[in-house]
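Notes follow the structure.
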Amino acid sequence: VNDTYPAAAAAGIPILIDYDTNAELVDPARRPNVYRIAPPDDAMAQHLATYLAPRHLKLALMHDDSDYGKDGARQLTDAFGKASIQLAPNTELPSSGIGFSTQALQVRQSGATGVLLWGGAATIAQFIKDYRQGGGTAALFSGPNAEDPIVRTQNADHPEYIEGLTYASFRITTEGGPTAWGAFRKKYEDHNFNKGGPDFKVGVKAMDKKDVVQPPNWQMFPYDMVYL
């Protein structure tokens, strides 16, 4: 985006970002021709801070070393700082790591009663596994990547590890009301993406015992971009 937006602006061409949520990418003053479908990291961080502040938890933050992880850490630190909540420990995880038992021990020893996770889905999944296997019992919170099926499938042998995992997500809405949403859901189910696999069912049952269906955002955002 940084390399292409000046030339695109000079030619009168807008740039539409699908999923990259880095808060710095969209700037109406510097990049008036750059738009985004997905909400930015600072908005997601503020949602989490608003949700968690009244709960008075002792919060730790684990984020990976990707650009996404680092931006999420900045936005979370700022959002919780405004609520006078310090995130400690605040630890960076290597996105190429295959195990995080040392960092999980650090969180357990800190006495944290809540853990914020921000990074790639595989990193989130592996940290949860190591943290729970080591006896960690704190509540877990995350950003939108926690909805990735990898988080559930990587912990499929111990579904209790992700029990109660709470994450800020992109709200899927419709201006047509609940009837239109019901029609959309039926079409989505009938299409049977991935033969009913993890892209179709989120692994949770609703009160009516039916599988909860949530179209993954990485499927819906390209669809939205085409129609936009």
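Keep in mind it's a predicted model, so treat the numbers as computed, not measured.
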Closest approach of [X] and [Y], non-hydrogen atoms and distance?
| X | Y | answer |
| --- | --- | --- |
| Ala23 | Pro40 | CA-CB, 4.2 Å |
| Ala121 | Val151 | O-CG2, 3.8 Å |
| Ile124 | Ser142 | CD1-OG, 3.5 Å |
| Arg152 | Ile162 | CG-CD1, 3.5 Å |
| Gly136 | Arg108 | N-CD, 3.4 Å |
| Pro54 | Tyr51 | CD-O, 3.5 Å |

Qualifying residues under salt bridge (charged side-chain N to carboxylate O under 4.0 Å, His left out), relative to Asp78, sequence neighbours excluded: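 Scan of Asp78 (salt bridge (charged side-chain N to carboxylate O under 4.0 Å, His left out), adjacent residues dropped) gives Lys82.
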Of all pairs that satisfy salt bridge (Lys or Arg N to Asp or Glu O under 4.0 Å), the ones with a partner from [range], not counting sequence neighbours:
| range | answer |
| --- | --- |
| residues 120-136 | Lys129-Asp157 |
| residues 37-61 | none |
| residues 61-76 | Asp71-Arg74 |

If you define the side chain from C-beta out and look only at heavy atoms, does anything of [X] sit under 4.5 Å from [Y]?
| X | Y | value |
| --- | --- | --- |
| His63 | Asn90 | yes |
| Tyr161 | Leu140 | no |
| Ile13 | Asn33 | no |
| Leu52 | Leu116 | yes |
| Val34 | Asp27 | no |
| Gln106 | Thr91 | yes |

Within 6.0 Å of CD in Gln133, more than 12 heavy atoms from elsewhere: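 Yes, enclosed.
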More than 12 heavy atoms from other groups under 6.0 Å of CD on Glu160: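 Yes.
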Treat each ILVMFWY residue as a node, draw an edge where side-chain heavy atoms are under 4.5 Å apart, and state whether [X] and [Y] are in one component.
| X | Y | answer |
| --- | --- | --- |
| Leu165 | Leu57 | no |
| Tyr35 | Ile37 | yes |
| Leu61 | Leu117 | no |
| Leu59 | Phe100 | no |
| Leu93 | Ile128 | yes |

For Thr50, all residues meeting side-chain hydrogen bond (donor to acceptor under 3.5 Å, both in side chains), sequence neighbours excluded: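 Listed in chain order: Gln46.
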Of all pairs that satisfy ring-ring contact (aromatic ring centres under 6.0 Å, His included), the ones with a partner from residues 114-156, not counting sequence neighbours: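 Every pair satisfying ring-ring contact (aromatic ring centres under 6.0 Å, His included) with a residue in residues 114-156: Tyr68-Trp118, Phe127-Tyr131.
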Spacing of CG belonging to Leu87 relative to CG belonging to Leu76, to within rounding of 0.5 Å: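 Separation between the atoms: 7.0 Å.
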Interatomic distance, Phe80 atom CZ to Leu48 atom CG [nearest 0.5 angstrom]: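 Rounded to the nearest 0.5 Å, the CZ-CG separation comes out at 5.5 Å.
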Check: Arg31 side chain, Tyr5 main-chain N or O, donor-acceptor pair, under 3.5 Å: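 Judged by distance alone, no pair lies under 3.5 Å.
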Any donor-acceptor pair under 3.5 Å from Thr137 side chain to Gly135 backbone: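 A pair under 3.5 Å: no.
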